[in-house]
Amino acid sequence: MSVAAIYKGACMVWITQRDEAMFDWLRVVRITNTEGVRWMLGRLNGGDRPVTKRAAQMWCARMQEVGYVDRERVSGVGGSMIWGTHEATGQSAPNLFRQTTRHEVAVSIASAHFQAAGYSWEGDREAVNRTDHQADGVALREPIVQLVEVELTPKRGERYAMIFRALQHRYERGEIHRVMYLTTDEVAGYLGRLLEDGTGPSDDTARGGRGAIRRPAALTEQLKRQMRQLLRIEPVFDRRGIWETDVQPAWLNQGGPAPAPAAAAGELEGVRW
DNA sequence: GATCTACGTCATATTCTGGT
DNA sequence: ACCAGAATATGACGTAGATC
């Protein structure tokens, strides 16, 4: 193993391949928290379990001491935000107070869980046009290509209709096999109703920050049926966007190989998940 | 074997939050 | 503003493993 010793005053910190792999991961996800570090360190240590919270904190403290990691406690979020410094990742520090930051941290936790379960993880390709959709990440485990969406607040029904059409298009082209929605309880309930009868939530619970969500007339029966096959919805995040657990959910190892899109086209019921 | 880092557990300190 | 409890971070210490 290639190991570099970094001296900072009287303190010496070993930078191992594992640490460099952590920096690579931080370059992809940009920002995370202690939970994400726990699972990624566990994965890079060669296991499928997270290290303890203390170990993750110690790793952050060591890397912070030599200037490779920075962190900050943010009021109301819970825990510290953690990111790689410019020296470690070549990227500038993230803005901790953007609305999307909580979402980015949640995506990083999802990424860490998938990788701990043996998937590889990469960012989705950019949307090719206005009707296309870029997911939060892609979890790969040969031969299955799984898009991952982290959904902490519900979108408008019309927006979902557009996204679902884009997902179905990508599925039919053979680009992807499945889509996993990792959500809060609230969003899971909303999406579940949306895919069942298209009614969506009552107006007072269906606020995505842009007013009440109305009935999404654009969601056709065919699209709902297609999405019930293509999507899987798992409510793993709490209201803060934290997914805190020491055990991997069973569904990370469920599903088996997906059928080719051509085969699935005529035989949709119950084959993909 | 000596020395050093990594990581675990337990105890303690600090910070945040919600109620009065 | 103040207080109590919860959440989170930190410190101390022991053990394991790597290196010389």
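Letters go in sequence order (proteins before strands), and every chain restarts at 1.
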Whole angstrom value for the distance that separates [atom2] of [N] from [atom1] of [X]:
| X | N | atom1 | atom2 | result |
| --- | --- | --- | --- | --- |
| A:Leu44 | B:dA6 | CG | P | 15 Å |
| A:Lys53 | B:dC10 | NZ | P | 16 Å |
| A:Asp70 | C:dA9 | CG | P | 14 Å |
| A:Arg38 | B:dA6 | CZ | C1' | 17 Å |
| A:Asp19 | B:dT5 | CG | C1' | 11 Å |
| A:Trp59 | B:dT5 | CH2 | P | 17 Å |
| A:Gln57 | B:dC7 | CD | P | 13 Å |
| A:Met63 | B:dC7 | CE | C1' | 13 Å |

(request) From the options B:dG8, C:dT8, C:dT10, select the nucleotide whose nearest atom is closest to the side chain of A:Arg71. (result) C:dT10
(request) Report the nucleotide, chosen from C:dT8, B:dG8, C:dG11, that has the shortest atom-to-atom distance to any side-chain atom of A:Ala55. (result) B:dG8
(request) Would you check if the side chain of A:Asp24 reaches a backbone N or O of A:Arg27 as a donor-acceptor pair within less than 3.5 Å? (result) no
(message) Taking 4.0 Å as the cut-off, does a side-chain nitrogen or oxygen of A:Thr52 come that near to OP1 or OP2 on B:dG8?
(response) yes
(message) By the salt bridge (charged side-chain N to carboxylate O under 4.0 Å, His left out) test, which pairs, at least two apart or in different chains, include something from residues 130-142 of chain A?
(response) A:Arg125-A:Asp132
(request) With sequence neighbours left out, write down each residue that passes side chain to side chain contact (heavy atoms under 4.5 Å, CB included) with A:Ser120, or none if nothing qualifies. (result) A:Leu140
(message) How close do A:Gln146 and A:Met180 get, counting heavy atoms only, and between which atoms?
(response) OE1-CB, 3.5 Å
